[in-house]
Amino acid sequence: MRIHRFHGGLKLEGRRKAALAHPIRGCALPPRLTIPLIRRDKIVGPVVALGERVLRGQCIGEVPGFAHVHATTSGIVCAIEPHDVANASVVRAPCVMIDADGDDNWSRLPTIDNWHETTREFLLARIHDAGIAGLGGAAFPAGIKLTVPVGTLIVNGAECEPGISCDHALLIERAYEVVQGAAVLARIVDAERTIIATEDSMTRAFEALQNALSEHPFDGAVLAQVPTRYPQGGERQLIETLTGAEVPAGGLPQEVGVLCHNVGTAAAAWRAAAHGEAQTSRIVSVTGAGVAHPGNYEVRFGTPIAWLIEQAGGYTPQAARLLVGGPLMGLALSHDEVPIDATCNAIQVLDGIETKPPAPEVPCIRCGECARVCPAQLLPQQLFGYLTREDWPRVQEHALDACIECGCCALVCPSQIPLVAWYRWGKSELREQARQHVEADAARERYEARNARLQRERSMRDTRRATNLSAIESAPTSTDEESAAPSISKSEVLAAIARSRAKRKARLRAERDERDDDGAAS
Amino acid sequence: MGDVLIALIPGVIAQVWYFGFGVLVQIALAIVFAIIFEAAMLRARGCPQMPFIADLSAPVTAVLFALCIPAWTLWWIACVAMFAAIVFAKQLYGGLGRNIFNPAMAGYVVVLIAFPLALARWPAPAPLAAHTLDFGDTLHAIFSGHLPMNMSWDTLAQATPLDTVKIEAARGYTLAEIRNNPVFGDFGGKGWEWIANWYALGGLYLLWRRVIHWQVPVALLGATILLTVPAWIVDPDVNPLPLQHVFSGGLMLAAFFIATDPVTGATTPRGRLVFGAGVAALTLAIRRWGAYPDGVAFAVLLMNACVPLLDRITKPRVYGYGRRHHD
């Protein structure tokens with residue numbers, strides 16, 4: 001297979017050795033789990049009641065057509081209330097809290113043993129029912145991406161950022177699940193070709209995949225090694241590397257006949273099909289100099305980060321900053337009483353050296369280093385200039401929306417400008433403007449429609465008055481019978497007025513009766 | 001910016017070798033004035049002194065200006081030039097990063113237009129000089145404007161190679177005849193061409209350190225040669241050798257140190273190519289048809305004015321806009 005190259009990017013130090021030195025470890029069951037009822041930016045409605053006994057894998061929240069949320073251990077629902085979450089769009093979200101009973105009893109869906117022959121609709125329904133969320137970092141419901149058939153399925157094993165090795169660890173130990181899961185996903189979307197991609201530095205993962213694929217080969221499956229270059233794990237960059245195709249601006253990979261899923265998602269899909277397991281846990285890399293035993297841990301959703309850190313030996317004295325995700329795109333947390341969810345690919349505890357404040361920010365000198373490393377081929381220096389001047393038409397002309405917020409530009413900037421923060425602000429500002437624009441348009445339309453109606457009514461009134469007037473004027477002067485004929489006699493007018501009065505009275509009475517009835521009924 | 005100063009060292013040594021200690025005096029004067037004006041303007045604008053004075057951008061402007069003027073220029077000319085460069089061209093536009101015009105060239109052009117005679121008095125380079133000034137005499141000449149008793153400007157100064165071409169061609173001599181003049185070396189002027197070589201060496205250092213991008217020097221030097229070769233082939237009597245253009249005047253300094261200024265140059269890769277080629281074309285046009293022997297400074301300023309337009313029309317295609325298909 002021809003390996004293409006994406007524009008820009010950076011060679012970054014992997015920082016994965018410490019975590020990969022040990023096999024994946026389990027994380028003990030915490031006494032209480034806090035399961036966020038949020039998928040992406042959608043709040044999920046709870047379907048359990050306070051005090052209800054739940055089993056692991058039991059559905060506790062759902063949005064029709066979106067991914068379901070499941071209990072991640074057996075126990076009793078002790079609270080449903082807002083709690084701090086690790087989410088990019090909200091700080092607090094409603095959560096279901098479960099007091100664990102310690103038995104960890106499962107409620108499994110029926111297993112699908114002959115999934116090779118099962119219809120794709122049935123498999124897709126299983127992905128939905130098992131609440132499979134993408135484990136690449138965004139936790140997008142996997143089922144939604146699987147509804148359209150595509151030519152090429154890419155199973156993404158390229159790690160996202162330095163310090164994150166959850167996919168690597170998964171592939172080393174459970175390549176079999178990933179390969180089987182890839183086959184399940186390929187069957188659902190009817191893919192002709194399935195590429196399982198790893199970075200060329202992930203040799204152990206690649207070997208494990210080779211073994212697994214030779215034991216369980218399926219049609220169209222190939223392995224690919226891509227250069228280790230940040231942000232290779234980015235969906236658009238990986239698609240470009242493997243196929244040479246670019247996903248159109250504002251479009252989806254399906255438009256170029258490609259679908260991309262994370263290796264962890266594939267493994268979860270297979271467990272859902274073969275074992276009937278809902279997605280209740282993920283592998284989380286716990287790394288950084290601020291944590292005693294770095295490693296990859298299998299963690300139930302809802303486990304507090306504080307508990308996980310305790311399982312990983314606790315904080316070291318150097319601990320200075322807590323991050324969810326990587327050092328470039330991650331989310332800094334102010335405290336550790338936040339539950340793990342599907343988006344948490346890593347928990348990094350950085351030390352004082354890594355978090356030392358950068359040199360003071362100085363003006364942009366347009367050196368263009370940022371443009372050289374930008375995977376979206378943007379001109380970050382120009383965008384920055386236009387954003388500081390709030391020149392929105394130019395910001396849009398320079399395609400701010402194509403920014404993937406990978407952070408390469410800010411990392412190489414010699415003036416230490418926090419460029420990504422500017423772009424995030426610019427994007428939210430543009431979204432807000434678009435929203436206001438829509439509202440203003442609607443208001444203008446209403447206003448114009450009202451004016452048009454008033455105008456119409458006025459002109460109708462005017463013409464009516466004009467015809468009446470001309471009728472009155474012409475009546476006494478006209479002498480011939482033809483023009484006198486349409487004129488109405490006074491008695492006829494009085495009769496008409498009396499009729500309309502009677503009609504109105506009848507209507508008012510009927511309405512009053514109706515109201516009284518309603519009042520009596522309530 | 002520190003790298004730029006380091007890269008200038010070989011060229012500065014060569015220029016001192018050929019034109020004497022006056023070069024160093026001019027550099028020192030320009031740096032002192034530049035820092036004074038920079039500090040005063042930062043204070044007036046209410047900006048902190050520290051990160052800005054330490055960024056060395058004012059000294060770089062000063063050194064580049066000082067290298068463009070004759071070694072015995074009167075002291076206050078550097079003062080006027082730095083006032084124009086730092087106060088007007090740089091700080092009044094908003095300081096580092098906001099200036100549209102290259103400050104060093106703006107300062108140079110102001111004094112070039114205001115004091116043409118003073119800036120035309122180039123000393124003869126060392127191998128051709130009948131007399132040279134020692135350090136004391138140099139200082140005396142720069143600060144008082146007077147030469148030692150037994151000397152006059154006529155004995156010390158000499159027409160530059162570019163002046164010679166302009167004057168002699170106007171008199172109707174062919175280039176072959178003009179080049180018999182002892183001021184010419186292998187390609188450009190004697191001395192001048194070696195200084196240009198040392199600047200090119202510094203430029204390669206900047207490329208290696210990735211302080212500058214390759215597009216501007218390649219486009220500038222490439223366009224100079226491409227534009228002059230046809231004319232030279234057609235009529236070598238009137239049109240100088242392409243390499244004579246490259247090694248004359250300020251072209252080499254501009255190619256690596258002046259037109260490569262990121263703030264006032266184009267910021268897109270293709271824009272930088274157009275910018276470099278534009279500087280070359282305008283320089284050649286001014287040398288050929290203009291009133292001034294060299295035109296690099298004017299060319300750089302004119303192209304600076306085109307930068308916003310260049311950046312917009314050479315915007316690279318953004319990922320996902322205008323698609324590339326499967327192969």
Side-chain angles (χ1 to χ4, degrees), chain A residues 2 4 6-8 151-152 234 236-237 239-240 242-251 253 255-258 359-372 374-386 388-389 394 397-404 412 414-417, chain B residues 1-4 42 47-48 50-57 60 90-91 93-100 206 209-216 260-272 275 304 307-308 310-327:
Chain A
R2 195 172 146 211
H4 302 257
F6 66 87
H7 183 267
T152 304
R236 282 154 198 255
Q237 282 61 49
I239 290 170
E240 192 176 5
L242 290 173
T243 68
E246 277 182 17
V247 179
E255 289 170 42
V256 288
V258 182
E361 186 186 332
V362 291
C364 171
I365 52 164
R366 293 164 32 100
C367 67
E369 274 301 289
C370 47
R372 203 175 52 77
C374 179
Q377 289 149 259
L378 294 167
L379 293 173
Q381 72 277 44
Q382 297 288 84
L383 275 170
F384 169 68
Y386 294 132
T388 53
R389 294 194 284 273
R394 285 271 190 281
E397 185 190 299
H398 283 72
L400 176 62
D401 55 315
C403 168
I404 58 167
V412 298
S415 298
Q416 292 92 33
I417 301 169
Chain B
M1 302 283 182
D3 267 332
V4 177
L42 286 172
C47 296
M50 216 30 236
F52 293 104
I53 293 287
D55 69 16
L56 296 180
S57 64
V60 167
K90 185 178 178 187
Q91 293 291 344
Y93 276 95
L96 179 69
R98 302 257 168 79
N99 49 311
I100 293 170
L206 289 182
R209 294 277 295 159
R210 304 231 310 232
V211 173
I212 61 173
H213 299 266
W214 61 268
Q215 287 96 341
V216 168
T260 50
D261 172 26
V263 175
T264 57
T267 194
T268 66
R270 278 185 300 153
R272 288 189 206 113
F275 185 85
N304 284 162
V307 160
L310 282 184
D311 280 344
R312 282 191 63 208
I313 59 178
T314 59
K315 199 155 53 78
R317 188 187 62 83
V318 173
Y319 176 101
Y321 285 81
R323 61 180 60 195
R324 216 160 58 192
H325 288 284
H326 285 268
D327 11 319

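Below, read A as the first sequence line, B as the second, and so on, with proteins coming before strands; counting in each chain starts at 1. As a basis for the values below, the full set of heavy atoms in this structure was taken, side chains included, without hydrogen atoms, waters or symmetry mates.
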If only atom types and distance count, is the side chain of B/N99 paired as donor or acceptor with the main-chain N or O of B/Y93 below 3.5 Å? no

Under a 4.5 Å cutoff for heavy-atom pairs, which residue among A/G250, A/S415, A/C367, A/G251 has the most contacts with chain B? A/C367

Does the side chain of A/T243 come within less than 4.5 Å of A/H4's, by heavy atoms? no

Is it the case that the side chains of A/Q382 and A/R366 hold a donor-acceptor pair, with the cut-off being a distance below 3.5 Å and no angle test? yes

Measure distances from B/R98 to the heavy atoms of chain A and classify the residue's part below 4.5 Å as side chain, backbone, both or neither. neither

Which of the residues A/P363, A/P375, A/P360 is involved in the greatest number of heavy-atom pairs with chain B at under 4.5 angstrom? A/P363

Looking at CD of A/Q381 and CD1 of A/I417, how far apart are the two atoms once the value is rounded to the nearest 0.5 Å? 10.0 Å

With a 4.5 angstrom heavy-atom cut-off, is it the side chain or the backbone of A/R236 that approaches chain B, or both, or neither? both

If you apply the rule side-chain contact (heavy atoms from CB on, under 4.5 Å), what do you find for A/H398 with A/L378, and how did you get there? CA-CA 7 Å; A/H398 283 72; A/L378 294 167; 5.9 Å; no

Which atoms of A/L379 are under 4.5 Å from chain B, going by heavy atoms: the side chain, the backbone, both sets, or neither? side chain

To the nearest 0.5 Å, atom CD of A/E246 lies from atom OH of B/Y319 at 5.5 Å

Per-residue contact mode, A/E397 against chain B (heavy atom under 4.5 angstrom): both

Heavy-atom proximity to chain B below 4.5 Å, by part of A/P414: neither

Under 4.5 Å from any heavy atom of chain B, what part of A/V247 do you find: side chain, backbone, both or neither? both

Among the options A/A376, A/A371, A/G385, A/A402, pick out the one with the most heavy-atom pairs lying under 4.5 Å from chain B. A/A376

Distance-only, no hydrogens or angles: does the B/R270 side chain make a donor-acceptor pair with backbone N or O of B/K315 under 3.5 Å? yes

